[in-house]
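These notes concern the structure reproduced below.
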2 protein chains.
Amino acid sequence: MDLNKLLEFKYTPEINEKLVDYGFTKTFAEGDIILNENAYIKAIPIVMSGSIRVMRTDDDDREILLYYIKAGESCIMSFLGGIHQDTSKVKAIAEEATEILFIPIDKVNLLIKDYPEWLDYIFRLYHKRFEELLDVVNAIAFKKLDERLLDFIKKKCSINNNKTLIITHESIANELGTARVVVSRLLKQMEQEGLVVLGRNKIILN
Amino acid sequence: MDLNKLLEFKYTPEINEKLVDYGFTKTFAEGDIILNENAYIKAIPIVMSGSIRVMRTDDDDREILLYYIKAGESCIMSFLGGIHQDTSKVKAIAEEATEILFIPIDKVNLLIKDYPEWLDYIFRLYHKRFEELLDVVNAIAFKKLDERLLDFIKKKCSINNNKTLIITHESIANELGTARVVVSRLLKQMEQEGLVVLGRNKIILN
DNA sequence: TTAAAACGGTAACATATGTCACATATTGAT
DNA sequence: ATCAATATGTGACATATGTTACCGTTTTAA
């Protein structure tokens, strides 16, 4: 396994070797729950292929999408949670078939000590997540649902590099933290405006 | 200057000395803008006394409160921004008279290399901010304004350790990202329910 | 002292979103 | 083919929040 192209930090063969050596790989199918809220964290995950979506859930089962984790990235919340022996505050779900390399927490600390690039990688990811979270705050606080919905569709499409989304109104509603009827209503509107074409389980972006 | 009690990581005289040595101190009055959005970051701030509030602003001047930074804590966004030569995505304002120790970015990197406790301090703060941000997402996404308003008042009170808040409806509205009339309306309601007592520039929590 | 500015109260209304109820269409299982 | 489950469409209505307008009161500045 060669992490060179995946991870964004400067490659050294040693780090690669160490990571593969220390870690273990697991695969997940679409929809599998990788990390549950309040679960204890013993290893931090690096996405090797596929992608993950990270959700925040409310007390009464309402959820909202925070961000996606793509190949080469790590769930940085797990990382910090792991370091501080904390439980997870978020839920992670496989968006598609996904392969994950888990690095046990104690090994992570070893790596930090020995390889500054590794630390830099972690900081960079942290920064990225933080900004994405700020964007979420912005969206919920200041944007209306129709705009958020359109953004959502576009983002999903860009992940698959595809104009056609296979998804139900129901699950869109869940990810945006609203109700199914609301999504249906807005989508119908968008269809009339010519922004999308709708079908059962299907949305085509124009 | 002794940072022992302020910073939460294990104290060593060397770190203390280095920090004071590398850094420079500035003082701010209530309402002073410490960091503006899109400003370049050349040093990371550690709050020695007083407190700061960090806001996210929209394109059209709407703002929303993210979190407070209290004595002993650092604005971690600045930290990451600084490391990656980025501009700030947030705005920081002095809540009260505040004294800040600025550590230049290059020195920060030196310290990380030499003192693992310092790195741990940074990670811990990061974790804290991240979770606070998650709470903000939760609040905006799932809570109604009256609840957020009450939470806001309680939090402000707890900072000053005081049941009386000196603040205008206008500025509350700004921090919550809503309009003045809305805040006035809800406050009046809360007063009728016996939750608070209102006065000009004043809210007393029962 | 007087004018201007800041602060808060309130009504009326607009709009976005949530909720309920029910209809229809599509799919899948038996 | 039939039935059940799932996905969607739609109307009617409730509610939360945003907006505008205008008022009186208090504070501040000239």
Side-chain angles (χ1 to χ4, degrees), chain A residues 30-31 58-65 136-153 156 164-204, chain B residues 30-31 58-65 136-153 156 164-193 195-205:
Chain A
E30 183 185 336
D58 191 45
D59 299 326
D60 15 285
D61 285 353
R62 282 182 300 189
E63 304 186 316
I64 194 160
L65 172 68
V136 172
V137 170
N138 238 293
I140 317 180
F142 302 126
K143 289 187 182 178
K144 285 190 287 182
L145 249 185
D146 50 356
E147 196 177 344
R148 288 175 57 208
L149 179 55
L150 195 55
D151 287 348
F152 174 87
I153 293 171
K156 280 267 188 190
T164 301
L165 255 191
I166 303 301
I167 195 171
T168 67
H169 299 183
E170 179 84 40
S171 57
I172 294 179
N174 283 338
E175 301 201 28
L176 291 181
T178 180
R180 198 269 312 169
V181 263
V182 177
V183 171
S184 294
R185 187 160 59 204
L186 291 175
L187 280 174
K188 212 55 196 171
Q189 228 172 273
M190 287 165 58
E191 190 178 40
Q192 276 155 12
E193 292 165 9
L195 293 170
V196 294
V197 177
L198 303 178
R200 188 187 171 90
N201 294 323
K202 186 167 53 168
I203 299 173
I204 303 167
Chain B
E30 183 185 335
D58 191 44
D59 298 327
D60 15 287
D61 285 354
R62 281 181 300 188
E63 304 186 317
I64 194 160
L65 172 68
V136 172
V137 170
N138 238 294
I140 317 180
F142 302 125
K143 289 186 181 180
K144 285 191 288 182
L145 250 186
D146 51 355
E147 196 177 345
R148 287 175 57 208
L149 179 55
L150 195 55
D151 286 349
F152 174 87
I153 294 171
K156 281 266 188 190
T164 302
L165 255 190
I166 303 301
I167 195 170
T168 67
H169 298 181
E170 180 84 42
S171 58
I172 294 178
N174 284 338
E175 301 200 29
L176 292 181
T178 180
R180 197 269 312 168
V181 265
V182 177
V183 171
S184 294
R185 186 160 57 204
L186 290 176
L187 279 175
K188 212 56 195 170
Q189 229 173 272
M190 286 165 59
E191 191 179 37
Q192 277 156 11
E193 292 167 9
L195 293 170
V196 294
V197 177
L198 303 177
R200 187 185 172 92
N201 294 322
K202 188 169 52 170
I203 299 172
I204 303 168
L205 192 60

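Chain A is the first sequence line, chain B the second, and so forth, proteins listed ahead of strands; every chain is numbered from 1. For clarity, every value in this text was computed on a predicted model and none was experimentally measured.
Here A:N201 pairs with nothing under the side chain to side chain donor-acceptor pair (under 3.5 Å) rule; sequence neighbours left out. Not counting sequence neighbours, B:R200 has no partner by the side chain to side chain contact (heavy atoms under 4.5 Å, CB included) test. With sequence neighbours excluded, the residues that form a side chain to side chain contact (heavy atoms under 4.5 Å, CB included) with B:I167 are B:F152, B:K156, B:L165, B:S171, B:I172, B:I203. Partners of B:R62 under the salt bridge (charged side-chain N to carboxylate O under 4.0 Å, His left out) rule, at least two apart in sequence or in another chain, are B:D58, B:D60. By the side chain to side chain donor-acceptor pair (under 3.5 Å) test, B:Q189 pairs with no residue at all, sequence neighbours left out. Partners of B:K143 under the side chain to side chain donor-acceptor pair (under 3.5 Å) rule, at least two apart in sequence or in another chain, are B:D151. Every residue two or more places apart in sequence or in another chain was checked for a side chain to side chain donor-acceptor pair (under 3.5 Å) with A:K202, and none qualifies. For B:T178, the side chain to side chain contact (heavy atoms under 4.5 Å, CB included) criterion is met by B:L145, B:A173, B:L176, B:V182, B:V183, not counting sequence neighbours. When the side chain to side chain contact (heavy atoms under 4.5 Å, CB included) test is applied to B:V181, the partners found at least two apart in sequence or on another chain are B:A179.
Summary of helix geometry: the two end axes of the helix from C:dT1-D:dA30 to C:dT30-D:dA1, each defined by five base pairs via their C1' atoms, are inclined to each other by 30° (rounded to 10°).
Taking atom CD1 of A:I64 as the reference point, atom P of C:dT17 lies 13 Å away to the nearest angstrom. Atom P of nucleotide D:dT8 and atom CD1 of A:I167 are separated by 10 Å, given to the nearest angstrom.
Look at B:K188 and B:E191 and you find a salt bridge, because one of the NZ, NE, NH1 or NH2 atoms lies within 4.0 Å of a carboxylate O, short of that distance.
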Distances under 3.5 Å between nitrogen or oxygen atoms of protein and nucleotides 23-28 of chain D:
{"residue": "D:dT26", "atom": "O2", "partner": "B:R200", "partner atom": "NH2", "Å": "3.4"}

Once base and sugar-phosphate atoms are separated, protein heavy atoms under 4.0 Å mark nucleotides 9-22 of chain D, 5' to 3', with B, S and - as BB-B---SBBBBB-
